[in-house]
Amino acid sequence: MRWSKLFVPTLRDAPGDAEAASHKLLLRGGFMRQLHAGHYSMLPLGWRVHEKIAAIIRLHMNAVGAQEFHLPTMHPARIWQQSGRWDLMGDEMFRLQDRKGADLALGMTAEEIFATAALEITSYRDLPQQWYQIQTKFRDEPRPKSGLLRVREFYMKDAYSFDIDEAGLDASYEMYREAYIRIFKHLSLPAVPVEASSGAMGGSGSNEFMVPSDAGEDDVVMCTKCDYAANSERATSALAVIADDEGPAEPELFDTPGVRTIAALAGFDGGATAENQIKTMVMMADGAITLALVRGDHSLNMQKLVDGLGVNDLRPATPDEAQATLGAMPGSLGAVAVAGLKIVADPALQGRTNMTTGANIDDKHYRGVSVERDIAVDEFMDLRDVAAGEACATCGAELEIIRCIEAGHIFKLGRKYTEAMGVFVLDDNGEKRVPIMGSYGIGVGRAMAGIAETHHDDNGVIWPVAVAPFEVTIVVVSMRDEATVEAGEQLWRNLRARGIDAAIDDRDARAGVKFADAEITGIPWRVTVGPKGVAAGNAELTDRATGTTVEVRLADIEQQVVDAIEAARIPTGAEAPLL
RNA sequence: CGGGCUGUAGCGCAGUUUGGCUAGCGCACCUGCUUUGGGAGCAGGGGGCCGUGAGUUCGAAUCUCACCAGCCCGACCA
């Protein structure tokens, strides 16, 4: 393309409300513009990047034998009601009505729709099936943020596997997991697979692909030594065993005037250190008061509680609700002798004795509490946040917590959707079998933002060759010098003839403007053709990433550019596509 | 949904505290001349429902109320 004809509205200053690096730089580079919160218009340069990313994902999906579909993005309510997610999805689903008053939804994911298509699979011989699409998804996010990182309308590659049994699902899942590793490598996204919570999708297992970045929204617990990595919503650690005294035969009530917090009780004469306290969290889980107990020095992870209880809606109870149920205000709450409420406790409390906790009487606590003896715990389940510095449960080394962007997520779904939609096949005994599903997602725009977050400097994004809007741009320093123009134009023609995605900056602008635009748009290679160089038979080749410039004979520049780009097209170490 | 902040030209901002004259600055844009290897110089010029609505006032960008929108921090997810 010719810059003189391109619409690339680069900005010297980023809009004041942009915060994340990718957000600022994608705006400044003229890649995109915000239409309203969570909805972005892709401008020509941005769309080129977006499409290159989509093409790479498509390449690797096709390589493992997945078949591309294109489903409607507007769905009838009926299909979502059938799976139960019409209600489950709540406010996150965009809903509308047609002229007849029929309820419709904008698709936020497509399990139900693909499962509907799967109704026509009738024989076990047709399994497994690997299906995918790259299609717009709508989610009414409570808080869109950070440019393309969290939006309400986005392209997602969503793939679905259908297998006859668990072993088949395991194989499909592993196939996608490996394909994802190849995809992220191809995209130059340093994504690591981590154990994850399945959240609202349900299912038996899931991995997220996490890109370390301060702009991310997830905390990932990573071992500094072995390859253990898990989302904090799932992560565990090894705790030192605490040896308790047996304590008294029954809990002792004692006065704790004004003591409202774990810390206050730890500093109170006759109190207890935090690790010898029981923290009682009063939660409202799907409308029912539930007590969640963790050790005093631990913090409750809400997602773990959601997963452990299998509920949809969870929030802390209000102080009034807590008082109405337990008879005391937060600060004096406990679970000793509480009956009629669901009580769950973190395993760190299992077997503990001689503990201290609230007595459900304002300004009074119990000491000498034995967890199993004095509290009617329904179930022990992992509930606590792992803290940095704790020991890895696998190898014992120190754990660290790293902020990450979730670039992909794969799930073993189970039979929830196939069952709901009534999908079945006949097996080799003529018996009805419900296929088991997996689902596998990558956000295209999010990947783009993730690349920008991990590949930029103060002057702009530094695109990897594989996704760059152009692989090389030729800066013609002076449009007034005929020999220079001709040298630039000829190089441009030759590079394109050799399959290089090249642009030429033929604007009648000052060189500085062209250099700045080449940098802010992040094109990985720049060839500078200027009057002095051309007169001497030279051009310059500049590497955007390092800023280094080498002088190259005009006769050699074409080959040198081709070599540099071809070497970078598939990142070193990436497996060749399995086509 | 809770907390904090912000809406003035395409972008970045000042002006608002203490109401007052034609609403200002930089960048960008248009015209002309000069310039042409790191975001040019000079001269001239265009562009504003001051987020929306109501109110107070002789008079509102400025004060009051309501609403809308956007950003950031928390609860939610590719």
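Letters go in sequence order (proteins before strands), and every chain restarts at 1.
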Trainee: Mind checking what makes ring pair (Phe, Tyr, Trp, His ring centres under 6.0 Å) contact with A:His298, not counting sequence neighbours?
Mentor: none

Trainee: Could you pick out which residue, A:Glu233 or A:Gly533, lies toward the 5' side of RNA chain B when each is mapped onto its nearest nucleotide?
Mentor: A:Gly533

Trainee: Rounded to the Å, how far apart are A:Met284 CE and B:A75 P?
Mentor: 20 Å

Trainee: Distance check needed: B:C77 C1' versus A:Glu208 CD, whole Å only.
Mentor: 9 Å

Trainee: Which base sits across from B:G48 as a Watson-Crick or G-U pair, both distances under 3.5 Å?
Mentor: none

Trainee: Return the value, rounded to whole Å, for the distance between atom CZ of A:Arg28 and atom C1' of B:G12.
Mentor: 12 Å

Trainee: Under 4.0 angstrom, heavy atoms only, what part of the nucleic acid is A:Glu92 near: base, sugar-phosphate, or nothing?
Mentor: sugar-phosphate

Trainee: Would A:Glu321 and A:Arg315 count as a salt bridge (charged side-chain N to carboxylate O under 4.0 Å, His left out) here? Give the steps.
Mentor: CA-CA 12 Å; A:Glu321 288 167 341; A:Arg315 62 169 174 83; 2.9 Å; yes

Trainee: Under 4.0 angstrom, heavy atoms only, what part of the nucleic acid is A:Gly530 near: base, sugar-phosphate, or nothing?
Mentor: base

Trainee: If you look at every strand shown and take non-hydrogen atoms under 4.0 Å, does A:Val151 touch a base, only sugar-phosphate, or nothing?
Mentor: base

Trainee: Using a 4.0 Å heavy-atom cut-off, does A:Arg507 contact any base of the nucleic acid, only the sugar-phosphate backbone, or nothing at all?
Mentor: nothing

Trainee: Have a look at A:Glu153 and say if it touches a base, only the backbone sugar-phosphate, or nothing, with a 4.0 Å heavy-atom cut-off.
Mentor: nothing

Trainee: Going by purine N1 to pyrimidine N3 plus the second Watson-Crick contact, or the G-U wobble pair, all under 3.5 Å, which nucleotide sits opposite B:C63?
Mentor: B:G55

Trainee: Examine the base of B:G38 for any acceptor or donor lying under 3.5 Å from a partner atom in the side chain of A:Arg526, and report the outcome as yes or no.
Mentor: yes

Trainee: Sequence neighbours excluded, which residues qualify as side-chain contact (heavy atoms from CB on, under 4.5 Å) partners of A:Lys145?
Mentor: A:Arg143, A:Arg150, A:Glu217

Trainee: For A:Asp457, give me all partners under salt bridge (Lys or Arg N to Asp or Glu O under 4.0 Å), at least two apart in sequence or on another chain.
Mentor: A:Arg544

Trainee: Under a 3.5 Å cut-off for both contacts, is B:G32 paired Watson-Crick or G-U wobble with anything, and if yes, with which nucleotide?
Mentor: B:C42

Trainee: Across all strands, who's sitting opposite B:U17 as a Watson-Crick or G-U wobble pair, both distances under 3.5 Å?
Mentor: none

Trainee: Please give, in whole Å, the distance from B:A78 P to A:Glu111 CD?
Mentor: 9 Å

Trainee: Show the distances under 3.5 angstrom between N or O atoms of the protein and N or O atoms of nucleotides 25-35 of chain B.
Mentor:
unit_1, atom_1, unit_2, atom_2, d
B:U35, O2, A:Arg510, NH1, 2.9

Trainee: Do A:Tyr180 side-chain atoms and A:Tyr440 backbone N/O form a donor-acceptor pair below 3.5 Å?
Mentor: yes

Trainee: Looking at A:Glu111 and A:Lys416, is there a salt bridge between them, counting it only when a charged N and a carboxylate O are closer than 4.0 Å?
Mentor: no

Trainee: State which residue, out of A:Tyr160, A:Phe162, A:Tyr132, fulfils the ring-ring contact (aromatic ring centres under 6.0 Å, His included) condition with A:Phe114.
Mentor: A:Tyr160

Trainee: Confirm from the modelled atom types if A:Arg150 and B:C77 form a donor-acceptor pair under 3.5 Å, side chain to base only.
Mentor: yes

Trainee: Extract from the structure each pairing of a protein N or O with an N or O of nucleotides 70-73 of chain B at less than 3.5 Å, listing the distance.
Mentor:
unit_1, atom_1, unit_2, atom_2, d
B:G70, OP1, A:Ala37, N, 2.8
B:G70, O2', A:Asp17, OD2, 3.0
B:C71, OP1, A:Gln34, NE2, 2.9
B:C71, O3', A:Asp17, O, 3.3
B:C71, O2', A:Asp17, O, 3.3
B:C72, OP1, A:Ser146, N, 3.3
B:C73, OP2, A:Arg143, NH2, 3.1
B:C73, OP2, A:Lys145, NZ, 3.4
B:C73, N4, A:Arg143, NE, 3.4

Trainee: Do A:Arg48 and A:Phe470 meet the cation-pi criteria used here (NZ or CZ under 6.0 Å from the six-membered ring centre, within 45° of the axis)?
Mentor: yes

Trainee: Please report, rounded to the nearest Å, how far the C1' atom of B:G74 is from the CZ atom of A:Arg403.
Mentor: 11 Å

Trainee: Given B:G37, B:G38, B:C77, identify the nucleotide with an atom nearest to the side chain of A:Gln303.
Mentor: B:C77

Trainee: What is the base-pairing partner of B:C25, counting Watson-Crick and G-U wobble geometry with both distances under 3.5 Å?
Mentor: B:G12

Trainee: Separation of A:Lys157 atom NZ from B:A78 atom P, in whole Å?
Mentor: 12 Å

Trainee: Among B:A40, B:A75, B:G37, find the nucleotide with the atom closest to the side chain of A:Met302.
Mentor: B:A75

Trainee: Paired with B:A69 by Watson-Crick or G-U wobble geometry, both distances under 3.5 Å: which nucleotide is it?
Mentor: B:U6

Trainee: Which part of the nucleic acid does A:Asp218 contact within heavy-atom distance under 4.0 Å: base, sugar-phosphate only, or nothing?
Mentor: base

Trainee: Mind checking side-chain contact (heavy atoms from CB on, under 4.5 Å) for A:Arg403 and listing every partner two or more places apart, or none if nothing turns up?
Mentor: A:Asp219

Trainee: Extract all donor-acceptor atom pairs below 3.5 Å that involve side chains of residues 483-491 of chain A and protein atoms in other chains or at least two apart in sequence.
Mentor:
unit_1, atom_1, unit_2, atom_2, d
A:Thr484, OG1, A:Asp481, OD2, 2.5
A:Glu486, OE2, A:Arg493, NH2, 3.3
A:Glu489, OE1, A:Arg2, NH2, 3.0
A:Glu489, OE2, A:Arg2, NH1, 2.7

Trainee: Base, sugar-phosphate or nothing for A:Pro15? Non-hydrogen atoms, less than 4.0 Å.
Mentor: sugar-phosphate

Trainee: Checking A:Ala518 now: which residues fulfil side-chain contact (heavy atoms from CB on, under 4.5 Å) with it, not counting sequence neighbours?
Mentor: A:Thr473, A:Arg526

Trainee: Under 5.5 Å centre to centre and under 30° between planes: does that hold for A:Phe154 and the six-membered base ring of B:A78?
Mentor: yes

Trainee: Please tabulate, for side-chain N and O atoms in residues 535-543 of chain A, each donor-acceptor pair with protein atoms closer than 3.5 Å (sequence neighbours left out).
Mentor:
unit_1, atom_1, unit_2, atom_2, d
A:Asn538, OD1, A:Arg553, NH1, 3.3
A:Asn538, ND2, A:Glu551, OE2, 3.1
A:Thr542, OG1, A:Thr549, OG1, 2.9
A:Asp543, OD1, A:Ala545, N, 2.9
A:Asp543, OD2, A:Thr546, OG1, 3.3

Trainee: Check the distance between B:C77's P and A:Ile410's CD1 and give it to me in whole angstrom.
Mentor: 18 Å

Trainee: Taking any strand in view, what nucleotide pairs with B:G74 in a Watson-Crick or G-U wobble way, both distances under 3.5 Å?
Mentor: B:C1

Trainee: Would you classify A:Ala407 as touching base, sugar-phosphate or nothing, given that sugar-phosphate means primed atoms plus P, OP1 and OP2, and contacts are heavy atoms under 4.0 Å?
Mentor: sugar-phosphate

Trainee: Is the base of B:G74 touched by the side chain of A:Glu217 through a donor-acceptor pair closer than 3.5 angstrom?
Mentor: no

